[in-house]
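Input: a single structure, listed below in structure tokens.
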Number of protein chains: 2
Amino acid sequence: MQDLKPTSQDCSDCPIRHRAVCARCEQDELKLLEEIKYYRSFEAGQTVIWQGDKMEFVASVVTGIASLTQTMEDGRRQMVGLLLPSDFVGRPGREHAAYDVVATTNLVMCCFRRRPFEQLMITTPHIAERLLQMTLDELDAAREWMLLLGRKTAREKIASLLAIIAQRTAALDQAVTNNSLSFDLPLTREAMADYLGLTLETVSRQISALKKDGVIHLEGKRAVTIPDMNMLLDEAGDDSDGGMLA
Amino acid sequence: MQDLKPTSQDCSDCPIRHRAVCARCEQDELKLLEEIKYYRSFEAGQTVIWQGDKMEFVASVVTGIASLTQTMEDGRRQMVGLLLPSDFVGRPGREHAAYDVVATTNLVMCCFRRRPFEQLMITTPHIAERLLQMTLDELDAAREWMLLLGRKTAREKIASLLAIIAQRTAALDQAVTNNSLSFDLPLTREAMADYLGLTLETVSRQISALKKDGVIHLEGKRAVTIPDMNMLLDEAGDDSDGGMLA
DNA sequence: ACGGTGCTTTGATACAGATCAAAATATCAA
DNA sequence: TTGATATTTTGATCTGTATCAAAGCACCGT
């Protein structure tokens with residue numbers, strides 16, 4: 001488990017390739033994956049899977065952003081997962097989807113037929129190991145979110161969300177000058193509200209407030225600049241050391 | 001992964017024995033576990049591990065209840081996990097605890113020295129597999145909780161918590177007569193508040209309200225009777241089919 | 001029985017965020 | 001360019017839950 005280090009190229013067909021590349025894939029495993037793999041594209045707003053649908057595949061996000069959402073009978077919605085490139089979706093062993101999966105931007109996913117993938121997991125222990133690590137990461141993220149949902153103020157929630165998106169997308173494709181950085185906000189106000197347990201009006205107001213206070217900058221409606229990341233993290237109320245990666 | 005069925009006796013020393021007994025443990029694996037295993041007891045209120053402490057062990061709850069809690073600098077607290085008998089705690093591969101672990105009742109844990117346990121996971125794939133299943137279950141529970149924290153009303157939150165405790169403890173030690181069942185509430189009002197993202201006053205008020213409306217019964221302060229489980233589930237706002245186990 | 005120390009309940013009031021409503025702005029097709 | 005539609009902002013008001021405060025109860029050691 002210790003020898004999995006993020007690199008960039010080898011093993012590009014591995015379902016678990018992105019966040020940390022698997023250094024142990026054997027040629028024949030890759031062949032097996034090749035056989036059960038296919039790509040699918042979705043447009044922003046399209047639903048990838050409905051809660052309760054039969055799961056024919058598990059998948060990994062290649063480009064774009066998807067969200068996992070739970071809905072109550074009366075329509076209240078809560079996002080419970082945000083899938084960025086490299087994130088995995090689908091639970092091996094589960095027949096039916098537990099959540100709606102929605103493309104919040106244009107989206108490309110790399111899908112693996114579920115049954116053969118499950119088989120592969122059994123014969124290839126290190127895939128299961130890797131999946132365990134990823135699941136534990138997700139669990140940590142979920143628990144961080146629970147703190148946010150249960151105890152943070154609206155302003156702190158917004159700041160936290162911006163910080164998370166900034167950190168995750170900055171790693172991928174962004175110029176970071178000293179403490180400042182820019183990125184494109186990939187979520188509508190409504191999607192943010194669903195993520196944060198707020199209404200879209202409150203999201204809008206708090207973003208305006210952060211803007212007025214100079215914590216963030218907006219060009220147009222979607223392009224965000226964060227002049228000072230530390231200022232944002234202060235607003236987020238996270239315990240000091242930007243623990244994201246611990 | 002399909003051949004793990006809940007039974008009751010064999011393999012009683014296996015760290016993953018409880019919720020579903022591992023049918024594949026070999027004799028020598030048990031010997032290895034025996035060597036790295038020890039029991040620890042805690043009194044209600046004691047802290048098992050502080051966030052940031054060095055993790056010397058991973059463990060499984062034998063009896064009693066523990067909680068995982070996150071705390072913000074200014075003292076706001078959010079419980080992010082409730083550990084009942086059979087639940088596992090500790091992340092293999094992580095040096096330092098990410099959360100406070102607190103005994104909310106008297107507690108007995110079966111601990112395994114961390115390093116040797118990690119080693120064992122590498123040499124014994126099916127332990128990793130089992131751990132993956134348990135982690136995925138926890139992730140599902142966490143996401144259910146995110147819906148609760150983000151979108152449910154105070155009354156729905158209380159009803160949901162009672163339903164969860166009822167369902168998890170009923171399985172272990174309770175007489176269930178038709179739809180009615182009783183159990184001992186193992187959490188203080190404050191602990192419930194930390195779990196639900198509420199204040200203890202609100203918890204108290206809502207419990208009183210549920211009592212007045214006949215949804216629950218209290219004898220003393222801790223013994224709860226639920227006359228009709230379906231009524232409680234209605235109050236919880238969960239989507240119809242008590243999906244807990246899906 | 002006594003007084004202490006924690007829990008829990010109940011009451012009065014305040015406020016953050018929800019809700020309802022409408023205007024402003026962006027997006028896009030023709 | 002011009003509507004037509006979707007998204008975002010802003011305003012006015014309402015409400016569920018927090019906050020502050022105090023009283024009620026249960027448990028425990030002496």
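Just so we're on the same page: letters track the sequence lines, and every chain starts at 1. Nothing here was measured: the structure is a model prediction, and the numbers come from that model. Below, each value reflects all heavy atoms present in this structure, side chains not excepted, and no hydrogens, waters or symmetry copies.
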Exercise. Any salt bridge between B:D87 and B:R168, counting N to O under 4.0 Å?
Worked result: yes
Problem set entry | Short side-chain N/O contact from A:R222 to OP1 or OP2 of D:dT8, under 4.0 Å | yes
Exercise. Thinking salt bridges, do A:D194 and A:R76 make one under a 4.0 Å N-O criterion?
Worked result: no
Exercise. Looking at side-chain heavy atoms only, is the closest gap between A:L161 and A:M192 below 4.5 Å?
Worked result: yes
Seminar exercise, completed: Of the candidates C:dT19, D:dT17, D:dT8, the side chain of B:A154 sits closest to D:dT17
Seminar exercise, completed: Rounded to whole Å, CE of B:M192 lies from P of C:dT9 at a distance of 8 Å
For this session: Would you kindly compare A:S204 and B:E201 by the position of their nearest DNA chain D nucleotide and give the one closer to the 5′ end?
Result: A:S204
Exercise. Is A:L198 touching bases, backbone alone, or none of the nucleic acid, heavy atoms closer than 4.0 Å?
Worked result: sugar-phosphate
Exercise. In whole Å, what is the span from the CD1 atom of A:I158 to the P atom of D:dT8?
Worked result: 12 Å
Seminar exercise, completed: B:R76 atom CZ is separated from D:dA18 atom P, nearest whole Å, by 13 Å
For this session: Round to a whole Å and report the spacing from CG of B:L218 to C1' of C:dT9.
Result: 12 Å
Problem set entry | Whole angstrom value for the distance that separates P of D:dA21 from CG of B:L200 | 16 Å
Problem set entry | Rounded distance (Å) that lies between atom P of D:dG16 and atom CZ of B:R151 | 16 Å
Exercise. Checking all strands, does A:G197 fall into the base, sugar-phosphate, or nothing category for heavy-atom contacts under 4.0 angstrom?
Worked result: sugar-phosphate
For this session: Select from B:T202 and A:T153 the residue whose nearest nucleotide in DNA chain C is closer to the 5' end of that strand.
Result: B:T202
Problem set entry | Any donor-acceptor N/O pair under 3.5 Å between D:dT19 base and B:R205 side chain | yes
Exercise. More than 12 heavy atoms of other residues, nucleotides or ligands under 6.0 Å from CD of A:E95: is that the case?
Worked result: yes
Exercise. Are there more than 12 heavy atoms of other residues, nucleotides or ligands under 6.0 Å from atom NE2 of B:H217?
Worked result: no
Exercise. Of all the choices, C:dT8, C:dG17, D:dT9, which nucleotide is nearest to the side chain of A:R189 once you look at every atom?
Worked result: D:dT9
For this session: Classify the nucleic acid contact of A:T188 as base, sugar-phosphate or nothing, counting any heavy atom under 4.0 Å across all strands shown.
Result: sugar-phosphate
